[in-house]
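What follows is a short report on a single structure.
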Amino acid sequence: MIGQSLGSVYLSWEALTKFTPAYYFDTSGYAFTYPIARLFGCRVICYTHYPTISLDMLSRVRQRSSMYNNDDFIARSNWLSHCKIVYYNVFSWMYGIVGSCAHLAMVNSSWTQSHIQELWKIPQRTKRVYPPCDTSGLQVLPLERPADPAKIISVAQFRPEKAHGLQLEAFAVAIGKLDAHLPRPKLQFVGSCRNKSDEERLEHLKNKAIELKVDGDVEFHKNVMYRDLVQLLGGAVAGIHSMTDEHFGISVVEYMAAGAIPIAHNSAGPQMDIVLAEDGEQTGFLARTVDEYADAILSVLKMPETDRLKMAAAARRRAARFSEQKFYEDLKAAISPILPSNST
């Protein structure tokens, strides 16, 4: 992290010596460039999607929890964990100093906001602006869905942090608990592969489905076109998401807009911003463990059609809060105070 950050400092210095703007707007998370921009007399504005380091990352290393951002080899070693804690503490201290140089820090979720405020300590200059989610094509899909078989969709790249294995295990548990007279549902994995590791992860997932004896109930859709994704979303009664501490969760918003009841991880964006009650009505389910996900899947499958339609309609209304128009309005409101009055 420090190496990449120092590289960004050199790059920004080179760019700013060739052209110095009045406003320096960063949307890529290069906080270490902010002091350089201020040295050149720029007003620094940023839109932060995810903090380079978070308090959760520090906590996991201290607890020696093995995860996608804390290798098992390090988690099992006292000495390596201690070294990583020191490294993270030094980096978070540096990150706090450079981040505080921003004149305006916009963040994409309540989770990101809480971490940025804790690290950068500029709460008055930190504004939450939800990202633009263009769901207009999903909002028009019919809420009525074929019930035989009921389809549950999972939309995510085949990356380790997306925890597809947890979804598959929960699906297998749910089928095991399903009443014999009810039709078996389908689980549809939809995602892309970036490289060989993702391809291997997808193959492992297919083998795991065979081991769990649910391979006949699971479909894999790799690198599909957007029109095909819309069609799949339009046939799903539920959408499942299981990434821990996802800063926002656009896929969850897309489920809701499409009329698929979300079953999302009980953390960060989905918990704090997205899967919340709308007009007092439930919009979905939150879960952490295999059993909690399985119970949520069963709740959707056993839900009377009128109740499902009511929840899906509430979820769709909730999704409308994250539109492109709302993003434009919130962005303008956040930026206007530091821009010249004649530019707004």
Side-chain angles (χ1 to χ4, degrees), residues 1 3-4 27-29 49-54 56-57 60 65-75 108-109 111 131 133-134 138 151-172 186-233 235-236 238-255 258 260 262-265 267-270 274 287-290 293 297:
M1 291 189 296
Q4 289 179 332
T27 61
S28 299
H49 301 268
Y50 197 94
T52 305
I53 189 166
S54 70
D56 293 333
M57 290 166 66
R60 289 191 192 107
S65 300
S66 175
M67 208 174 175
Y68 61 88
N69 56 4
N70 191 39
D71 193 89
D72 185 58
F73 176 71
I74 294 175
N108 68 338
S109 68
W111 183 86
C133 304
D134 181 11
L138 301 176
K151 297 181 180 69
I152 300 165
I153 195 170
S154 169
V155 181
Q157 286 184 326
F158 292 103
R159 289 155 40 189
E161 63 268 30
K162 297 302 182 180
H164 290 94
L166 184 150
Q167 299 176 12
L168 194 56
E169 291 173 19
F171 181 71
K186 288 280 186 183
L187 175 59
Q188 300 173 317
F189 286 111
V190 185
S192 60
C193 292
R194 305 161 300 170
N195 48 40
K196 184 180 178 182
S197 294
D198 286 359
E199 295 280 359
E200 292 173 349
R201 198 168 293 112
L202 175 56
E203 287 305 311
H204 175 74
L205 204 60
K206 291 178 180 178
N207 292 333
K208 188 168 185 174
I210 295 171
E211 292 170 13
L212 293 170
K213 296 180 173 57
V214 293
D215 50 301
D217 306 299
V218 180
E219 298 175 0
F220 296 91
H221 301 265
K222 186 180 76 170
N223 299 333
V224 301
M225 300 289 287
Y226 181 71
R227 63 174 179 271
D228 298 322
L229 172 61
V230 172
Q231 185 176 3
L232 289 166
L233 284 167
I240 190 166
H241 159 280
S242 55
M243 179 177 171
T244 302
D245 290 338
E246 177 139 33
H247 45 99
F248 183 65
I250 287 179
S251 65
V252 180
V253 175
E254 290 176 337
Y255 294 156
I263 302 172
H265 196 274
S267 65
I274 303 175
R288 284 181 183 269
T289 66
V290 168
Y293 274 99
I297 290 170

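Numbering of residues begins at 1 and proceeds along the displayed sequence.
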Under 3.5 Å: donor-acceptor pair, side chain of Asn223, backbone of Cys193
yes
Looking at Ala163, is its backbone amide N or carbonyl O close enough to the side chain of Ser242 to form a donor-acceptor pair, meaning the two atoms are under 3.5 Å apart?
yes
Salt bridge (Lys or Arg N to Asp or Glu O under 4.0 Å) contacts in which one or both residues fall within residues 218-232, not counting sequence neighbours
Glu199-Lys222
How far apart are the closest heavy atoms of His247 and Asn108, and which atoms are they?
ND1-ND2, 2.8 Å
Are the side chains of Val224 and Val190 in contact, using a 4.5 Å heavy-atom criterion?
yes
Using side-chain heavy atoms (C-beta onward) and a distance below 4.5 Å, is Pro270 in contact with Trp111?
no
Side chain to side chain donor-acceptor pair (under 3.5 Å) partners of Glu254, counting only residues at least two apart:
none
What residues, two or more places apart in sequence or in another chain, satisfy side chain to side chain donor-acceptor pair (under 3.5 Å) together with Ser251?
none
State, with a plain yes or no, whether a side-chain heavy atom of Leu187 is found less than 4.5 Å away from one of Val214.
no
Do Glu246 and His241 meet the criterion of a side-chain donor-acceptor pair at a distance under 3.5 Å?
yes
Answer yes or no: are there more than 12 heavy-atom neighbours, outside Lys206 itself, under 6.0 Å from its atom NZ?
yes
Side-chain donor-acceptor pairs under 3.5 Å in residues 152-159, sequence neighbours left out?
| residue | atom | partner | partner atom | Å |
| --- | --- | --- | --- | --- |
| Ser154 | OG | Gln167 | OE1 | 2.6 |
| Gln157 | OE1 | Arg159 | NH1 | 3.0 |
| Gln157 | NE2 | Ser192 | OG | 3.4 |
| Arg159 | NE | Glu161 | OE2 | 2.7 |
| Arg159 | NH2 | Glu161 | OE2 | 2.5 |

Is the closest side-chain heavy-atom distance between Ile274 and Pro262 below 4.5 Å?
no
Taken to the nearest 0.5 Å, the spacing of Glu211 CD from Glu169 CD works out to 10.0 Å
Contact summary for Ile240 and Tyr255, nearest pair of heavy atoms
O-OH, 2.9 Å
Nearest heavy atoms of Cys133 and Ile250, plus distance in Å
SG-CG1, 3.9 Å
Do Val253 and Phe248 make a side-chain contact, defined as non-hydrogen atoms from C-beta onward lying under 4.5 Å apart?
yes
CG of Asp217 to CD of Gln188, rounded to nearest 0.5 Å, is 11.5 Å
Those residues at least two apart in sequence (or on a different chain) that pass salt bridge (Lys or Arg N to Asp or Glu O under 4.0 Å) with Lys186 are none
Does Phe189 form a ring-ring contact (aromatic ring centres under 6.0 Å, His included) with His164? I'd like the steps, not just the answer.
CA-CA 8 Å; Phe189 286 111; His164 290 94; 5.6 Å; yes
Would you name the heavy atoms of Leu166 and Arg288 that are closest together and state the gap between them?
CD1-O, 3.7 Å
Closest non-hydrogen atoms of Phe220 and Leu202, given as atom of the first, atom of the second and distance, are CD2-CD1, 3.6 Å
So, using ring-ring contact (aromatic ring centres under 6.0 Å, His included) as the criterion, who are the partners of His204 when residues are at least two apart?
none
Ala260 versus Ala238, closest heavy-atom pair with distance
CB-C, 3.8 Å
Asp198 vs Asn195, side-chain contact (heavy atoms from CB on, under 4.5 Å): CA-CA, chis, key distance, verdict
CA-CA 5 Å; Asp198 286 359; Asn195 48 40; 3.6 Å; yes
